[in-house]
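Computed from a predicted structure; not experimentally measured.
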Amino acid sequence: GKYQEAMDYHQRSLAIFEQLGNRKGMVTSVNNLGHISNLLEDYKQAMNYHQRSLIIAEEMGDRAGIAMALGNLGLVANSLGNYEDAMHYSQESLVIFRELGNPTGMSRALNNLGLVAKSLGNYEEAINYLQGALAIAKEIGDRAGEAKALNNLGLTFLLGDQLFEAKSTYLQALNVFESLRVGLDDSDKVSLIETQAEAYNGLQRVLVERGEITSALEVSERSRARVFVELLARVLSPSENSSPTVTFPNIKQIREIAREQNATLVQYSQVLEDTFYIWVIQPSGAIEFRKTTVPPSLSFEAHSSPVRQRQVLKRNHERLLAPIADLLPKDPEKRVIFIPDGRLFFLPFPALQDKDGTYLIEKHTILTAPAIQVLDLTHDLRKEINHANAEHLIVGNPTMPTVQTSPDREAQTLYRLPGAEREAIAIAQLNHTQALLGEQATESTVVEQMPKARIIHLATHGLLNYGIPEASLVRDVPGAIALAPSDTDDGLLTSAEILELNLNAELVVLSACDTGRGRITSDGVIGLSRSLITAGVPSVVVSLWSIPDAPTAELMTEFYHQLAQTPDKAQALRQAMLKTIETHPNPVNWAGFTLIGEAISVEFSTF
């Protein structure tokens, strides 16, 4: 699923084959480039690559190369909606592969023909083709081909209203897909899961159509945060001799998590581009299901005009909250935990406005999580916190590092944040400690103190992208916190570096720009928040955009003032937001912060 990286490798491969004059190798590389271009939805470039591959193969008399190019041309034609051409190319490809006795090619050609027939609505014909592809893939042990055929077959059964067959086929597809992840590293597992999302979404659609609402919730939960859950399980069972077995939760366990959290859980699942399923799980265990549509045009942008922001916030409330408003608690101090999906990870739930202009944060205490099972694990993380840890690590406005924010820009020193310094001093005074400021706040000093701190507050710059992706690992794990550089470090505490830490803090607050952002995946947002929780922190406060200095300082100071009076971090953040609204009413000034994970403080863990 790392398509741009794949494109880079195939281009390098092609250049070498061209230097060697190896035309057979050129056919393969050009075909691969076309295939990746098709996956990237650059269909014109994909068609050009495959036509070039076909010409070279025909000049050489390379029958296998011709069949491969024809099959790929059929795939692109199908993507473009040119079904007659797609059928013609795919049939020609199948004839040649049969003549050559090439089972892998035959399976792929039959799969392509199935896709075209499905696109034309000829479901019985599509099923025959796909079952043929599946039989060959099984016979030759092509597990990836088997999974792909099963997935396409499941969708065809769904579209043809054969729901029993669709359910059985999708379940088989998921079992094969999940077996393909064994032995991969964490980053590759996440990327591979992204290519398998269609099967999880398809099965949810089938189950909802069959009225199996709670089973669909189990599949929704099964599809998300799988790698994150494995990482957290390792943190909770650190023995080198044990690799904890992780299973996805069943409906009984999901109900138990809601009861243990004493919160109303709201899980969203994006099954189509504009279609979301919603499950509401009450602390009592009662589960309700709703369905809604949310066009991509309703994505929230913090830097759009105030008029546009209000429209988006109200429309999102209408689509996402109004359908379930009757299921949410009437007591504003009762917690509501949102489990978003897709683009909803970057939606400021506290700022959603009803038709009367009331913000959601005025009605409810809000926090978020990437999956219901992650809530259970962060709850367990809280129990592991060392109660003897009492130190507070407060950092504000460090001497800024010089950073290359992208490969095509020159390195620049980040600008100072005097408001962050005032914020850190005020918070340190509230907590009876001293803040690390300026040159004191070196990366090495902060990293040394982090494992000993119970609460960590970092008021500085947050970076989503920086440096050269291959060197900085930003491609796989984006995000960094700016600290003071020293002789032994560059002043950038990256998400990848945080993953290597063993923290014992019950709360980390990243009072910096974009610290809640990252790469959206079915595993959640890959970035700083995920790295901190994986490092052992049960509660993290991060931002979804760049929030101005003055309101940030007010909100954060009030947050710690509230935290001294309540064990509930979510309630403390809510009160801080309500206070900030009085002086800075624009949602851009207060709604960007979100609490992820556990709400209750360590000393109240028996409640």
Residue set satisfying ring-ring contact (aromatic ring centres under 6.0 Å, His included) with H364, at least two apart, ordered chain then number -> none
For Q575 and H561, run side chain to side chain donor-acceptor pair (under 3.5 Å): C-alpha distance rounded to whole Å, both residues' side-chain angles, the deciding distance at 0.1 Å, then the answer.
-> CA-CA 10 Å; Q575 294 300 329; H561 176 73; over 6 Å; no
For salt bridge (Lys or Arg N to Asp or Glu O under 4.0 Å), just list the numbers for E506 and R454, CA-CA rounded to whole Å, side-chain angles, deciding distance to a tenth of an Å, and then say yes or no.
-> CA-CA 6 Å; E506 72 159 286; R454 180 177 178 180; 2.9 Å; yes
Heavy-atom side-chain proximity of L510 to I481 below 4.5 angstrom | yes
Salt bridge (charged side-chain N to carboxylate O under 4.0 Å, His left out) partners of R310, counting only residues at least two apart = none
Answer yes or no: is there a side-chain heavy-atom contact under 4.5 Å between R224 and P370?
-> no
Is the shortest side-chain N to carboxylate O distance from E598 to K569 below 4.0 Å?
-> no
Start with the C-alpha distance between Y277 and Y268, add both sets of side-chain angles, then the distance that settles ring pair (Phe, Tyr, Trp, His ring centres under 6.0 Å), and finish with yes or no.
-> CA-CA 6 Å; Y277 290 164; Y268 293 94; over 10 Å; no
What salt bridge (Lys or Arg N to Asp or Glu O under 4.0 Å) pairs are there with at least one residue in residues 335-348, not counting sequence neighbours?
-> R335-D568
Worked check of salt bridge (Lys or Arg N to Asp or Glu O under 4.0 Å) between E230 and K189 = CA-CA 11 Å; E230 289 175 8; K189 281 182 183 178; 3.0 Å; yes
With sequence neighbours excluded, residues passing ring-ring contact (aromatic ring centres under 6.0 Å, His included) with F300 = W545
Which distance, rounded to the nearest 0.5 Å, do you find between the CD1 of I257 and the CD1 of I337?
-> 10.0 Å
Pairs flagged by side-chain hydrogen bond (donor to acceptor under 3.5 Å, both in side chains) wherever residues 351-361 is involved - sequence neighbours left out | D354-K363
Could you verify whether a donor N or O on one side chain and an acceptor N or O on the other, from T552 and D549, lie under 3.5 Å apart?
-> no
For a side chain to side chain contact (heavy atoms under 4.5 Å, CB included) with L265, tell me which candidate from L375, V336, I287 qualifies.
-> L375
For the residue pair T445 and T442, confirm or rule out a side-chain donor-acceptor distance under 3.5 Å.
-> yes
Rounding to 0.5 Å, atoms CG (L430) and NE2 (H392) come to a distance of 10.0 Å
For the side chain of S539 and the backbone of G597, is there at least one donor-acceptor N/O pair under 3.5 Å apart?
-> no
Closest non-hydrogen atom pair, M556 against F593 = CE-CE2, 3.4 Å
Checking side-chain contact (heavy atoms from CB on, under 4.5 Å) for the pair L436/Q449: CA distance, chi angles, key distance, verdict?
-> CA-CA 11 Å; L436 290 178; Q449 294 190 21; 4.1 Å; yes
How would you list, by chain and number, every residue that makes a salt bridge (charged side-chain N to carboxylate O under 4.0 Å, His left out) with E318, sequence neighbours excluded?
-> R315
Shortest non-hydrogen separation from N397 to E421 and the atoms involved | ND2-OE1, 3.0 Å
Under 3.5 Å, is there a donor-acceptor pair between the side chain of E362 and the main chain of P332?
-> no
Distance-only side-chain donor-acceptor flag, S220 / Q267, under 3.5 Å | yes
On a heavy-atom basis, the closest approach of A512 and G462 is CB-N, 3.4 Å
Among T534, V508, L493, whose side chain to side chain contact (heavy atoms under 4.5 Å, CB included) with I498 holds?
-> L493
F346: partners by ring-ring contact (aromatic ring centres under 6.0 Å, His included), with sequence neighbours left out = none
Has N502 got more than 12 heavy atoms of other residues, nucleotides or ligands less than 6.0 Å from its CG?
-> no
Spell out, as yes or no, whether a donor-acceptor pair under 3.5 Å connects the side chain of D490 to the backbone of L492.
-> yes
Please list all pairs passing the salt bridge (Lys or Arg N to Asp or Glu O under 4.0 Å) test where one or both residues lie in residues 279-292, with sequence neighbours left out.
-> R290-D326
Near Q434 CD, under 6.0 Å, is it more than 12 heavy atoms from other residues, nucleotides or ligands?
-> no
Stepwise side-chain contact (heavy atoms from CB on, under 4.5 Å) check, L344 with L320 = CA-CA 10 Å; L344 301 191; L320 294 167; 3.8 Å; yes
Distance (rounded to the nearest 0.5 Å) between S495 OG and L463 CG | 10.5 Å
Please list, chain by chain and in numerical order, all residues satisfying ring-ring contact (aromatic ring centres under 6.0 Å, His included) with F559, sequence neighbours excluded.
-> none
Can you name the residues that form a side chain to side chain donor-acceptor pair (under 3.5 Å) with R255, not counting sequence neighbours?
-> none
Taking only residues two or more places apart in sequence, or in another chain, which ones meet N316 in a side chain to side chain donor-acceptor pair (under 3.5 Å)?
-> none
Is there a side-chain contact (heavy atoms from CB on, under 4.5 Å) between V542 and L595 once you walk through the steps?
-> CA-CA 7 Å; V542 290; L595 172 64; over 6 Å; no
Here the pair of heavy atoms bringing T365 nearest to Q571 is OG1-NE2, 2.7 Å
Without hydrogens or angle criteria, can the side chains of T378 and R382 be said to hold a donor-acceptor pair below 3.5 Å?
-> no
Pairwise salt bridge (Lys or Arg N to Asp or Glu O under 4.0 Å) hits with a residue in residues 369-380, at least two apart = D380-K383
Flag, side chain of R234 to backbone of V229, donor-acceptor distance under 3.5 Å = no
Test item: Q270 side-chain N/O and E273 main-chain N/O as donor-acceptor pair under 3.5 Å | yes
First locate atom CG of L393, then atom CD1 of I456, and finally report the distance between them rounded to the nearest 0.5 Å.
-> 5.5 Å
Please report the shortest heavy-atom distance between S304 and Q309, naming the atom on each side.
-> O-NE2, 3.0 Å
Counting N and O atoms only, with roles assigned by atom type, does the side chain of Q261 sit under 3.5 Å from a partner on the main chain of A258, one being a donor and the other an acceptor?
-> no
Do T293 and T275 meet the criterion of a side-chain donor-acceptor pair at a distance under 3.5 Å?
-> no
I would like to know whether H317 and K314 meet side-chain contact (heavy atoms from CB on, under 4.5 Å); could you show each step before the answer?
-> CA-CA 5 Å; H317 188 284; K314 287 190 173 183; 5.6 Å; no
Might you work through the side chain to side chain donor-acceptor pair (under 3.5 Å) test for T402 and Q412, ending with a clear yes or no?
-> CA-CA 5 Å; T402 299; Q412 294 183 325; over 6 Å; no
S531 versus L499, closest heavy-atom pair with distance = OG-CG, 3.6 Å
